[in-house]
Each structure stands twice: as structure tokens, then as C-alpha cells.
Amino acid sequence: PVLAAEPAPRRVDYPPFSVPSPDGQYLAIWSDDDLVVRHVATGAVRKLTAHTDKESACEFAWSRDSRQLAYEWCHETGPGQKDLHELRVIGVDGTGARVLRSKTEDDIVPRDWSADGRTIAVAVRKASDDTLHLGVVSAADSTLRLLKNFGTATTQLREVVSFTQDGQYLVYSRQKT
């Protein structure tokens with residue numbers, strides 16, 4: 001039998017604020033207040049959002065199948081008012097854009113997707129009492145379920161929030177400041 005040679009490893013320099021897709025084909029990049037994806041092999045770039053002076057993409061998380069991104073969309077409301085936040089989902093090809101959680105004062109940041117793509121783990125900072133929560137949002141019907149209250153703003157939910165492979169549990173790291 002003839003054995004095919006494995007492709008030579010290739011160095012990829014990641015721009016700041018970028019995260020590779022789980023399958024390694026794309027980079028999601030937070031660039032100039034927009035969410036952009038770049039195909040690693042071809043270099044092709046697709047802008048997924050269009051910010052304004054008062055609206056912008058914030059943090060994001062890849063679906064496990066690398067087909068979608070969940071991201072926080074921020075609405076600046078003005079002096080003395082609380083900003084509004086949305087949890088949105090969009091396909092890596094720019095299709096299927098939808099709002100899961102609409103214009104809430106609560107900061108809602110996607111952290112991970114379940115393997116089956118049905119649930120998104122989120123960090124939620126409640127505007128009413130400045131407490132931080134770990135929760136999950138249904139990708140199908142947008143319901144939010146808060147799972148853990150970490151207390152006031154002196155607690156940070158670090159970048160590591162991950163579903164277990166079977167989707168039954170969330171693993172997280174926490175740092176008190």
C-alpha cells in the first residue's frame with residue numbers, strides 16, 4: 001500500500017482578540033467592534049456584524065461543530081443610563097442570524113456551547129444587584145436558566161467555562177478579586 005504523506009505543520013499567527021474554531025478551519029476575530037471570521041487555509045475574510053457608533057459586537061463563543069458563533073451585542077444608551085446587551089447567534093457563513101436574548105440591562109456573555117448545539121453556557125452580570133451568575137441559554141427557544149450565583153462584582157468568571165463532553169455538567173474557573 002502507498003502511504004500518503006501528512007501535510008507539513010504550518011504556523012498560523014493569530015491576531016489579537018481571535019479564537020480558532022474547534023475544527024481549526026476558521027479564526028473568529030473581534031476587530032474594530034465587529035465580529036469577523038477568517039478562513040485559515042485561504043485567508044478569505046467575512047464580516048459577520050456591522051457596528052454603529054452606539055452598537056458593537058463584544059465577546060463570542062464557537063459552536064462545537066464550528067458552524068455558528070454566539071456573541072454579545074452591546075448597545076450604548078448614553079450618559080447616566082445602563083447599556084443594553086443582547087445574546088445573538090450567527091452562522092460562520094453569515095446566515096441564520098438571530099437574537100436569543102434581547103436588549104437586557106444584564107451583561108450576558110457566551111462562554112461555550114454544548115456538543116449537541118442545543119445549549120449555550122453564559123456568564124450573566126445582573127444589572128439590578130451587580131451579581132455574577134453562570135447560566136445556560138437554550139439555542140432553540142432562548143430561555144435562560146441561571147445555575148450558580150457567584151455574588152457581587154468582586155468575583156470574576158474567568159475565560160474557562162466548558163461543558164463536559166456528555167453535556168451534563170459545566171466546568172468553570174473562578175477568581176476572587
Distance, nearest 0.5 Å, that separates [atom1] of [X] from [atom2] of [Y]:
{"X": "Glu105", "Y": "Thr77", "atom1": "CD", "atom2": "OG1", "result": "8.0 Å"}
{"X": "Asp112", "Y": "Thr119", "atom1": "CG", "atom2": "OG1", "result": "10.5 Å"}
{"X": "Asp106", "Y": "Lys126", "atom1": "CG", "atom2": "NZ", "result": "4.0 Å"}
{"X": "Glu76", "Y": "Asp53", "atom1": "CD", "atom2": "CG", "result": "9.0 Å"}
{"X": "Arg101", "Y": "Ser138", "atom1": "CZ", "atom2": "OG", "result": "10.5 Å"}
{"X": "Leu147", "Y": "Tyr169", "atom1": "CG", "atom2": "OH", "result": "13.0 Å"}

Evaluate the side-chain contact (heavy atoms from CB on, under 4.5 Å) criterion for residues Trp73 and Glu55: first the C-alpha distance (whole Å), next the side-chain angles of each, then the deciding distance (0.1 Å), finally the verdict. CA-CA 7 Å; Trp73 187 251; Glu55 297 181 320; 3.6 Å; yes
N-O pairing of Glu59 and Arg111 below 4.0 Å: yes
Is Arg67 paired with Asp93 through a side-chain N to carboxylate O contact shorter than 4.0 Å? no
Thr49 and His51: side-chain donor and acceptor closer than 3.5 Å? no
[Y] side chain reached by [X] side chain, heavy atoms, under 4.5 Å:
{"X": "Val19", "Y": "Trp30", "value": "no"}
{"X": "Arg64", "Y": "Gln165", "value": "yes"}
{"X": "Val89", "Y": "Trp113", "value": "yes"}
{"X": "Lys103", "Y": "His75", "value": "yes"}
{"X": "Val122", "Y": "Val109", "value": "no"}
{"X": "Phe163", "Y": "Ile120", "value": "no"}
{"X": "Asp107", "Y": "Val124", "value": "no"}
{"X": "Val136", "Y": "Leu144", "value": "no"}

Tell me whether Leu170 shares a hydrophobic cluster with Leu132, the cluster being built from Ile, Leu, Val, Met, Phe, Trp, Tyr side chains joined at under 4.5 Å.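 They do share one cluster, since a chain of ILVMFWY contacts under 4.5 Å joins Leu170 to Leu132.
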Can you give me the closest heavy-atom contact between [X] and [Y], atom names plus distance?
{"X": "Ile29", "Y": "Arg38", "result": "CD1-CB, 4.2 Å"}
{"X": "Ala70", "Y": "Pro110", "result": "O-CG, 3.5 Å"}
{"X": "Gly117", "Y": "Ala139", "result": "O-CB, 3.6 Å"}
{"X": "Ala28", "Y": "Leu69", "result": "CB-CD2, 3.9 Å"}

Examine Phe150 together with Tyr172 and report whether their ring centres are nearer than 6.0 Å. yes
Counting only heavy atoms not in Asp141, do more than 12 sit closer than 6.0 Å to its CG atom?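 Count over threshold, so yes.
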Atom CZ of Arg98 with >12 non-hydrogen neighbours under 6.0 angstrom: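 Count over threshold, so yes.
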Which residue in the set Leu87, Ile90, Leu48 passes side chain to side chain contact (heavy atoms under 4.5 Å, CB included) when paired with Tyr71?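 Considering Leu87, Ile90, Leu48, a side chain to side chain contact (heavy atoms under 4.5 Å, CB included) with Tyr71 is found only for Ile90.
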What verdict does the side-chain contact (heavy atoms from CB on, under 4.5 Å) test give for Thr143 and Val137, after you've listed the backbone C-alpha separation in whole Å, the side-chain angles of each residue and the deciding distance to 0.1 Å? CA-CA 5 Å; Thr143 55; Val137 172; over 6 Å; no
Does the pair Leu27 and Val40 meet the rule for a side-chain contact (heavy atoms from CB on, under 4.5 Å), with working shown? CA-CA 7 Å; Leu27 280 177; Val40 173; 4.3 Å; yes
So does Gln68 get a backbone contact from the side chain of Ser63, meaning a donor-acceptor N/O pair under 3.5 Å?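 Yes, Ser63 side chain to Gln68 backbone: donor-acceptor pair under 3.5 Å.
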